[in-house]
Structures are given as C-alpha cells and as structure tokens.
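Have a look at the structure below before the remarks.
Ligands are counted one by one from 1 in listed order, and the atoms in each one are counted from 1 as well.
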Amino acid sequence: MNNILDIIKKKSLGEELTKAELDYAVMGFVNGEIPDYQMSSLLMAICLKGMTDKEVIDLTDIMLHSGEVLELGFDSVDKHSTGGVGDKTTIVLAPLIASLGVKIAKMSGRALGHTGGTIDKLEAISGFKTSISLEKLKNQVEDIGVAIVGQMGNLCPADKKLYALRDVTGTVASIPLIASSIMSKKLASGASKIVIDLKVGSGALMTNMEDAKELARLMVKIGQLNGKETICVLTNMDEPLGNAIGNALEVIESINTLKGNGPDDLNDLVINLGALMLSLEKEIPTEEAIEYVENALKTGAGYEKLEEMVKYQGGDIQNIPVSARKLDIKSPKAGYIKHIDALKIGELARRLGAGRLTKDDVIDPTVGFILHKKVGDKVEANENLITVYFNEKNLSLSDILDCFEFSDSEIEKPELIYEIIGKETI
Ligand code: URA
C-alpha cells in the first residue's frame, strides 16, 4: 500500500522510486488527493537528490498518459525551444520548412517571466487566432502544411499542475523534472520527430554546458524509447537572439528574416535547425538540406508560406502595430561589446509590458527593444546602442546600460551552435 509520506522520505534519502510510487504521487496530486505542500516536498526532494534514468522515463510516461495523446494522422516534425530572450525562431522556421514540404502542426506557449512566448508574439499580428479546434488544425496542416496554435485539448494535465507548483516553489531548475515536463508534452502532441533547441547561457534555463548535455541526453533517450527520433541542438543564449525583443518587433524581425534580411545569428540558427528538420523528415544529407533551406529564404518561399498561414488564421500581416513612442539610447563609450545580459534585457522587456509575471498580466505587444550592437561589435561613443519602444511604463537609463559590458580590446563573436546530440551523422 503506497503512502505519500513514505514516498517523500524514500526520495529524500536518495532512493529510486518505483513506477507505482511515482504514479501514486503524481496522479494523486492531479486528482486533488495529495495536497500542494506534500507534492512540493516531494518535488524539492527530487531537485536535491535527482532521479535515475528509469525514474525519469517512468515519470514522463505517467505525465504523458495523464491526459489526451493526439493522433495527427500524418507525419510531422515538431520543433521545441527551451526558451530564451528574443527567440522568434519558430515564427521563421515553421513556414520556412513547410514551404519545403514538411508538415508542421506546432503548439506553442505563452510568455512567463523573462522569456517570451510564440503565441503572444503571433497575437501581435492584428486578427491572428491562436486558439482553434484540433479538427481545424488538422485541416489547415493538410491544406497548407503549417499551423502555429496555442496548447489544445487536455494534453498532459499532470505537467500543467506540476509546472504551476514548481514555478512558485523554486523547483523548476531540476534536470529530471525539466526533461519529463518537456518530453511528456512533445510526445502527447503527436509529432513523429522532434528537434529541440536547447538554450544554454545566462538568459536560459540551463546556464552551463554540463547540465545542458545531461538534459539533452535524457530527452534524446526518452524520445527514442517512445519511438520518436529526437535531436537536441545546444545553442547560445548568453545574449538575446537577433536584434528584436518584444512581441510585434520580433514578428517584424521574423518577416525580415524570411525575406532574406535577418540578423546573422537568427539567420544561421534558422538555417541549421531547418536543415536538421528537413534532413530528418526527408532522410537526406544535411548539406543538401542546407541548400534547400537557404534557397527557400532566397526565393521568399518561406515568407509566402507565412503570409498564407497568417491569412488562414485570420491575421493581417500588414498590420502589426509598434509603439510610436521610442527612444534611442547611445553608447556612453567607445570600444567593443563584451556581453549583453539576456536575462536582464528579458526582465526589462517584461517591465515595459512585453511579458508577464503572473498568468493574468495583460501583454502590451507594441513595446520592446531593438539592439543595434551585438557581442563582438565595435561601438563608438554616442553611437546608437539600443532603441526602446515604450508606452505607459518606462525604464531608467542606468537599468538599460547595465545590460551592456564593454571592452577596450577586440572581442570574438560568440559561437552560436555548441553541439548537436542525437544524430551521429552530423
Ligand atoms: N519548459 C517546460 O516545458 N518544462 C520545464 O520544466 C521547463 C521548461
């Protein structure tokens, strides 16, 4: 007979829990039989003592089957990002890859804390609907090959409830808990193959390579055990991705990227992740896939697919309002940019109204930042460093300048892609 106190005690001693014990705790919590304070205690014991691979695999399976598991009825590749600042990759990648014949039924999330959410970003497009039925999603993907929508159906209710508790009990930063949370949702959403952009750096959940590699190894293993090929790409999140931070500004940067005028880092990331997705789905060598992806950027095929998707989901791509109130911030000195703190910029964007701290906060899609300099760039004194788009809420100059570190000597441009885990051929 299971007992939650024995389970908490067992985990606090660092022992391995059985699947029956995990199921008892998780499903008891979902059904309201186990209160928040006992679940919090178990989560903290997991944070401190970790889990064996078997426990993580069992936990993922329990969360996956706590709700609906979608059957899309066609092969599709899912792309997931572990979250960062300025990360608009999905908005570029999904239509780009769809324009090359890969089906994408993408379910994305909303902003919380300092990281943005794809769904909030897309809602900056006037009229764009992110909440549609499963039937409509399937029809849209059959028709035009791509849809980006919010979470639908009763997918992984255990993760929803556990994540909300982890968020307020300091138990988010646990590799076993993150791996099971992400993979249960990916497996429930019906894609046949999964590419995960695992962000590493000061603006990401994983701040060092060692932890990021362990998380990647676990997620690839869980994917493979469930018969879904899974690849993790470890990428830099020490500085924001691209130049735009803020919902409407990021959609506009995505459009520019699809028209061939994107910032170098975003462009490179999209080409590399896109090529991986394409090579995975079409079973072609990555070099060949890179050529196809670059060509879809050059010809504007990806942009046309985005236009088609926006129209299908009720949006007007010509109407993406940005605040008319803006201020250019100049560099206080000459030199080279050594560091741009992604976490701080994300937090400032949230304070401007671009993100939320609680689920009920209302987002202002028109505010944010445009960076004019990135790490490694040379800057002159008084040259434009960053432009702030604001409305009611404003920031102090020192808050903004604190995000930048300068150097008198040259700084190398940072690496963007650190490692790919899960595909031996690359
Ligand atoms: N993203 C998730 O979906 N779950 C986590 O636990 C962390 C990031």
Side-chain angles (χ1 to χ4, degrees), residues 22 26 29-30 39-40 42-48 50-51 55-57 59-64 66-67 69-70 78-85 87 89-90 106-120 148-191 194-208 211-220 222-223 226 228 230 232-235 237 342-343 346 355-357 359:
L22 284 167
V26 170
F29 173 62
V30 173
M39 197 64 207
S40 308
L42 178 58
L43 288 170
M44 186 53 83
I46 293 172
C47 273
L48 297 175
M51 278 182 142
E55 284 176 300
V56 184
I57 290 157
L59 178 61
T60 308
D61 196 55
I62 293 161
M63 296 209 286
L64 163 64
S66 65
V69 179
L70 296 186
D78 199 354
K79 175 255 163 193
H80 180 82
S81 161
T82 55
V85 177
D87 186 4
T89 318
T90 293
K106 177 84 186 90
M107 274 166 244
S108 288
R110 290 192 181 274
L112 194 63
H114 74 280
T115 62
T118 301
I119 289 304
D120 293 315
I148 307 178
V149 297
Q151 296 293 342
M152 62 171 54
N154 182 29
L155 299 193
C156 297
D159 179 62
K160 270 191 203 118
K161 216 171 158 189
L162 279 171
Y163 195 85
L165 186 63
R166 287 169 58 208
D167 212 23
V168 293
T169 54
T171 52
V172 168
S174 148
I175 292 170
L177 294 177
I178 297 172
S180 51
S181 163
I182 292 177
M183 289 309 291
S184 60
K185 284 187 293 245
K186 293 294 104 186
L187 296 170
S189 60
I194 302 163
V195 173
I196 297 175
D197 179 7
L198 206 168
K199 302 284 186 200
V200 194
S202 64
L205 219 49
M206 293 291 110
T207 50
N208 68 72
D211 287 350
K213 280 187 191 176
E214 173 59 8
L215 178 60
R217 181 194 67 77
L218 260 175
M219 293 198 289
V220 167
I222 295 168
N226 283 276
K228 314 260 178 179
T230 302
C232 283
V233 186
L234 274 49
T235 67
M237 189 34 76
L343 178 62
R356 48 174 85 79
L357 201 55
K359 281 201 187 105

So, applying side-chain hydrogen bond (donor to acceptor under 3.5 Å, both in side chains) with Thr235, which one of Thr89, Asp197, Asp87, Thr82 is it?
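Result for side-chain hydrogen bond (donor to acceptor under 3.5 Å, both in side chains) with Thr235: Asp197.
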So, are Lys228 and Asp78 salt-bridged, with charged N and O less than 4.0 Å apart?
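Salt bridge flag = no for Asp78 with Lys228.
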If you measure only the distance, is there a donor-acceptor pair under 3.5 Å linking the side chains of Lys199 and Ser81?
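On atom types as modelled, these side chains do not qualify, holding no pair under 3.5 Å.
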Go through the side-chain N and O atoms of Ser181 and Asp159 and say whether any donor and acceptor fall under 3.5 Å apart.
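There is such a pair between these side chains.
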Which protein residues come within less than 4.0 angstrom of ligand 1, counting heavy atoms only?
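For ligand 1, the residues that come within the 4.0 Å heavy-atom cutoff are Tyr163, Arg166, Ile178, Ser181, Ile182, Lys185, Leu205.
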Quick one: which of Thr230, Val233, Leu234 gives a side-chain contact (heavy atoms from CB on, under 4.5 Å) with Ile196?
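Exactly one pass, corresponding to Thr230.
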If every non-hydrogen atom of Leu198 is compared with every non-hydrogen atom of Cys232, which pair is closest and at what distance?
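Taking Leu198 first and Cys232 second, the nearest heavy atoms are CD1-SG, 4.4 Å.
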